[in-house]
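Worksheet for the structure shown next.
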Amino acid sequence: MLSSIFSTLFSMRFLVTIVRLATPIVFAAIGTFIAAQSGIGNIAIESIMTFAALASVLGSYLSGSAWVGVLFGIGIGIVTVMLIAFFSMKMGANAMLIMIALNTFADAVAIFVLYLVTGEKGTTASLTTPVLGSIDIPIIKDIPILGEILSGQYVLTYLCWIIVILLFIFIYKTPTGMRLRACGLNADAARTAGINVEKMRVLSLVLSGIFAALGGIYLSLNYLKIFSRGMVSGQGWMGVAANGISAGNYWILILSALIFAIFRAVSIIFSSNSAIPTDLVNAIPYLAVFAILTIVSIVNYYRVKRGHVEEQ
Amino acid sequence: KKEETPAADTPAETTPAAEDDGVTKVAVLIPHRGDQSYFDTIAGAADEVNAADNNITVDVFECDPNGEKAEANWMNWFDNVCEDHQYDLVVCGNGDYEDFLYKACEKYPDQLFFNYDYDYIPESGIPANCYSTKCNTAELGYLVGALSASITKTGTVGVVVGMDTQSMNQFISGYCQILTANDVKYVVSYPGSFSDTALGKEVTDAMIAKGADVIWQVAGGLGNGVIDACSAHDDVWCIGVDQDQYMQFKDTNPEWANTILTSALKNTGVPLKAFIQMVADGNYQDKLGKAEMWGIALDGVGLAENDFYMANTDEATRAKLAEVLASVVNGEVKVIDCLTDWNADEYAAQWPTLLAGNRVE
Amino acid sequence: MTDKNTSSKYSKEYKLSISNPKLFDAIKMAIAILIALAITFVILCLISKDPINALKTILLGPLSKRRYIGAVIESFISFAFAGLAAGVLFKAGGFNMGAEGIFIITGAVVAWIASSPVTSSPILHPILCYLGAMLVGGILMILPSFLKAKFGTNEMVVSLMLNSIYAGVTAYIVRTFIATQQRGSVSSKDYLASARIGYLYEPLRISACFILLIIVTIGLYLMMNKTKLGYQMRLAGVNPKFAEYSGVSAFRLSITTAVIAGVLCGMGSTTQLLTQTSYYTPAQSLVGIGFSGMLLSMLGKNNPIGIVIAAFFIKYLEQGAAILYFVDNAVPSEIVSIVEGIIIMLISSQYFLRRLRERQLLKEGLEEHAK
Amino acid sequence: MSETILKLDNVTKVYPNGTVANRDINMEFEKGEIHSIVGENGAGKSTLMKVIFGIERPSSGTVTYKGKETDFNSSMDAIKAGIGMVHQHFMLIPSFSIVDNIILGDEPKNGIFIDKKEAAKRCQELSDKYNFELDVNAKVSTLSVAKRQKVEILKTLYRNAELIILDEPTSVLTPQETDKLFDQLRSFKEQGHTILFISHKLEEVKKISDKISVIRNGVSKGTYLNEELTMQQLTNLIIGRDLDNDMNAYKTNEDFHGEKALQVKDLYMERNGKPVLDHMSFAVKAGEILGIAGVEGNGQQELVRCITGLEETKYTGEIDICGNVVNDLKIKGRRNLGMAYIPEDRMGDGIAGALPISDNLISTYYDREDINGKIFMDTKAIRKTSEDLVDTFAVKTKSIDTSVNSLSGGNIQKVVVAREYNTHSKFMIAEQPTHGIDIGSEEFVHHKLIEMRNAGAGILLVSANLNEVMSLSDRIIVMFDGQIAGYFPKAQEVNESELGMYMLGARHQTPEEIGGALND
Ligand SMILES: Nc1ncnc2c1ncn2[C@@H]1O[C@H](COP(=O)(O)OP(=O)(O)OP(=O)(O)O)[C@@H](O)[C@H]1O
Ligand SMILES: Nc1ncnc2c1ncn2[C@@H]1O[C@H](COP(=O)(O)OP(=O)(O)OP(=O)(O)O)[C@@H](O)[C@H]1O
Ligand SMILES: [Mg+2]
Ligand SMILES: [Mg+2]
């Protein structure tokens, strides 16, 4: 049994699984990150993913084009963050409260809409929806090991990693990215430098909404071909947690999202054997992240005690 | 084959309480629609009854959308539907809610109740104003196991079970039994969720990697992930659950439909519709206070034998299956039922052995 | 300075104008509720044949039968405890989201004690359940706060992770130690009759828990506003650096508030189980009571009394919407959540009438300055 | 050439909470002049500047810049029009480099990217042109306060500001640094820039200004030519009376039998492998003020953190407060032994801004018996205590229930000092106690410190303001590079330039001389 676990852990398929599982979590993570950069803690990712997952399928059904579906999903993502922006910036509501309310009622709202459109409350199974496919990359796909990982993945997985790189460039290399970060680091300083902080925050929220939406769209329109009630299942929260772990470091963010994916994949291995009580299998990714985070912070604590201070 | 339980007392003469205006009114309490499993089956059956021209109306109430299972909430709902005697029949069921149902039976002795899926029989017996049924999923699993065994090419099959609970395991106790007996290897996976479709897909992928080529899903919405994973492989069959999932996807998503050889039908709607009809006809008295198992013989469970299934199975397979079916119906084979055969201690002691049978880890 | 009556010099002013913050808040709240109702009405127009009656049902339905209002009273108590727990944490500036997990895992404790024949006294047995859940809740809630206070570990992430971990552990405990064979899903044995909490006034379903809630709320109110601990919480909540500078031990304070919050979760969980269930089925996934608690605490502005009122208000609304759903089956059951969401968002909005108030303040400011 | 560049007509600013910060202000500023604006804390100086700079909109009245009435929606508009502002509080992003801070909001581009090379080049050129001596690639978090001040000014120059507003730029600078800044300001003036200068240090105002405008309680008290005004007249215009500057006259010298309020022995601490406190030993006697002078960043902050118990990094040596070794105690334990502490960063460490004044006046002794009952805090006693303190310290407020952050800087500092005063402690650390507060308040705080000293408290005064150190202290220590570089047992007998030599590390006393600091 142990040997079978090991052989799975080091198999190619395992890596491919991680890449697939990572996509929505990475989307959620960069969605949280970009909002955090401008000083907004967006914890509504889970609800945005849910809305977008549904909206994209409905959009694809109504228009007959998967890409229009994607636009639909993104549109709903933007509408949701604009709702947050409206209530928190224009109406003076506590942003956190609005976001928690969104999360709390997201499933009900999604099902309500699903019901209005399809008369069902479970899935969009009754709708014919064009979906996005996967891409074979001509030459790479024939390379023995690399080909399996790099080729044949879903369209949005590629988009995800392209965005990861572009976003890095945007945040750290472009003027807008720098202004956006300034808003998060010291809003007053940004404001006095002539930056419209509110506008920057709305921009970062919109990006956040788009990325989170893509995470949801991936689930319903690319990875699977259907919207299914409750399908986001905490993957948005994993993105939020990854951002919490990153402490503002982009590559640690991505790494954290990958760790979630890795341990989700590990939990899959354990779900089909009796090594760990089944009740605890689902807790594996959370346990792993909890352990890593705790150990890192303890190590840091003793570093500071010994007089090592990170330059800010 | 019926398993009859003697009623605790002689059934009270219970008459439908509502005004006899010729319309039979039925209230069905389910937690919510959209579980893509048997609550949907129940609601679907109710809709069918409504649609038919039969002087029966069925109101379906979604009482617990968040699945909090709070007794107080359910009792409120029983109060809602029972206190004004508006309904001739009140329907509820499932192991999670049947306690509440039985309490309501006690509180409203003049009201007629129906439990469409019981997990256990109370010590005091089934209340005299209630009829309880159960679809025999152990037999269903046995049948699926038989089919899987006869069509697998690799000698390995698999099943994805949403949660590791006794009533979910009831589905696979017969499955494990027959596969072990036939020396077919099987993979059992408990992803621990009924909704996380992504997990369903990856779990299935891992199963396929272990060589499984016939994969059954008993996992609600998560099962969509299972179907999707199977559809990516030409040589892997998926077996659906609860409803005829081939028919469900045939028009809208042929790619998925074409991987669903058949579905393991848990026809909860069959006893429901039957009993509603009895109530409408007024000849339900002898069912009261009873708990009955609706197995293969009563069409409580079965495999979906649609055109696709017919086209993709050969005569020999179907004949083999008919044989198995007969042996179950005539009692030649005792299908192990981990839920109703065993008490807690027996379950704890014997289930791991049964599960481990020919399992591949 | 005249020695006669110095205190009046610095005392608060009360005037009947929107520049008076209390009055302004009340007006704002009223308008928010009106707008929320208007939006709800629009939605009802879309889905109900008789929207006016539908709205009336939502608002007044719960008052139409004693059992309805009884259901509100019965269900809002544990909900309020969740809000109070979040309120205590927030007040002290913590961001521990662990209430969810504590609610779940203390459920196992309650179920264990309630289903064991530890005593046959119908008074002692529930008390033991409470004590057990409060003890375990208090202890387990410490972990995220401890890690945060001692090592600076991200509290939010840790508590989120722990929620899922506790959910798994609870299922494991229930299955392994207190399961029953009766039910198909993993659930505990039935509680013994002695553990159930009866009603003091059955028609309105008022139980001792109601009194417990009132006592706890008043106690928390006094604690937050009149005691040293409450003072420390205020300092730390507003400026943790200043609290530290003032000699408030951040470590001790965060542990203390975590324990209080955990104890409150334990109370909430016990109340919920012993009044609303007769056996325990651990949630298969997180049910969100922790987040609902946070919502309540924000709605109630971390004020215990406000939180309890908010809890009652929300359960009242839920009941109203549920009655509507019962009488008008064409309305989807999700209407409950949707109405709730709209009202919460609008009530939390601070900026209603801001312009008007600013103009008034400006006028008063100039008048005063001229003196 | 007397070309009016900026004109204020009847500018009134009322904050949304009803505070009237400016009322009917009329002022004129000419191109190429250095024009100071003075007034008490809360007089409305910063608000007026914010109105000019477009951060706040005037409630009524007009601002005319270069002959055109302005309608700035944000500081962006002001910046575009050629106005630059250095704020009272630093508006820098510590984790950014100097370059990034300077170019923020107006970045040179290369395609869609920031042209980092070009940016660095321009910033370096600018820095060199004005002799700012900055390595523009350094992170701001590594810079001294004086350098940060320079970065703030560079920010305005980078955007070609013609009108530069400096809101209290010198409050954190040493005399030498201030002189340097003034040289630069004069050179700006020569190049045609107009400077609006705000400061509470009247000598500086007299030194640098062409014109001086006085604001009192939101209302303009007129604009004067610098030559027209004597120091005394200016003081009178601002606070309506004279100041007395000789603090030594108030000192009494009772005998406290050489009791020691604080004793520090061989204190040593490392950060990232380098010593930041290097074997320091000294003592503060009861009834004296020991001043610590030094350029900021030479270990003063770490020293204070070690003494107060706020330091997280491990240190060696012994700290002794009122006769007790306190190494293992946290700040509360040390406070209980008789320590009081006025922190440098009053906004960050000294107050809970959103809480009422009364809460802020008791924070360090909230558990004391006189304001507590058996279970509950004694609300009446707290109100009484707070009202008394507000009266004694003349905190300008309508009610003790007002939140502290609606007070002006000087009044906030009075709240902090009042609180620490009311601990009746035997040992007080006063860290930059008059930073950024007006002359009236400064005088007041100084009096209170002397009063405490006379009553037998030992006071450790840490200040970047040499005047303050010299006029208040009985003895003086100069810190350089984590060490005691010089020890002066008679504060009256040292002069500014001598201290300056030690502060800059040009001189260092022998261990024997320094040993005197321990007072054995
Ligand atoms: N109600 C108010 N009335 C007057 N001035 C205000 C008010 N609120 C804030 N200000 C001042 O206006 C400036 C901008 O305030 P704002 O709240 O927009 O910024 P912020 O607090 O830095 O934003 P954030 O909280 O999102 O980081 C601040 O300098 C603040 O002092
Ligand atoms: N954002 C704000 N909201 C409300 N009132 C404010 C705000 N900012 C300043 N005030 C008030 O306006 C008045 C003028 O404040 P301002 O900061 O302009 O004074 P100042 O002259 O710069 O004082 P200081 O010398 O202390 O810097 C004060 O009473 C202050 O409390
Ligand atoms: Mg100012
Ligand atoms: Mg100031």
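Since the model is a prediction, treat every value here as computed from it, not as a measurement. Naming convention: chains lettered A, B, ... in sequence-line order (proteins, then strands); numbering from 1 in each chain.
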*Any residue of residues 198-211 of chain C which, by heavy atoms, sits under 4.5 Å from chain B*: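 Within residues 198-211 of chain C, near chain B: C/Arg205.
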*Heavy atoms, side chains only, cut-off 4.5 Å: are C/Asp190 and B/Asp99 in contact?*
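They are in side-chain contact.
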*Check: C/Arg67 and B/Asn80 side chains under 4.5 Å, non-hydrogen atoms*: yes
*Using a cut-off of under 4.5 Å for heavy-atom pairs, which of C/Lys65, C/Glu334, C/Arg175, C/Gln272 has the most such pairs with chain B?*
C/Arg175
_Are there over 12 heavy-atom neighbours, none belonging to C/Tyr68, within less than 6.0 Å of that residue's OH?_
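Enclosed.
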*Is a side-chain N or O of B/Glu71 found less than 3.5 angstrom from the main chain of C/Ser278, in a donor-acceptor match?*
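Flag set: sc B/Glu71 to bb C/Ser278 pair under 3.5 Å.
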_Any side-chain to backbone donor/acceptor pair from C/Tyr325 onto B/Glu62? Under 3.5 Å, distance only._
yes
Given the options [options], which has more heavy-atom pairs under 4.5 Å with chain C than any of the others?
options	result
B/Asn94, B/Asn169, B/Val81	B/Val81
B/Asp164, B/Asn73, B/Asp59	B/Asp164
B/Ser167, B/Ala348, B/Ala70	B/Ser167

_Can you confirm whether the side chains of B/Lys69 and C/Thr277 place a donor and an acceptor under 3.5 Å from each other?_
no
*ring-ring contact (aromatic ring centres under 6.0 Å, His included) partners of B/Phe61, counting only residues at least two apart*: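 Scan of B/Phe61 (ring-ring contact (aromatic ring centres under 6.0 Å, His included), adjacent residues dropped) gives B/Trp77, C/Phe326.
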*Could you look at B/Glu83 and say if it's the side chain, the backbone, both or neither that has a heavy atom under 4.5 Å from chain C?*
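It is the side chain, since no backbone atom gets that close.
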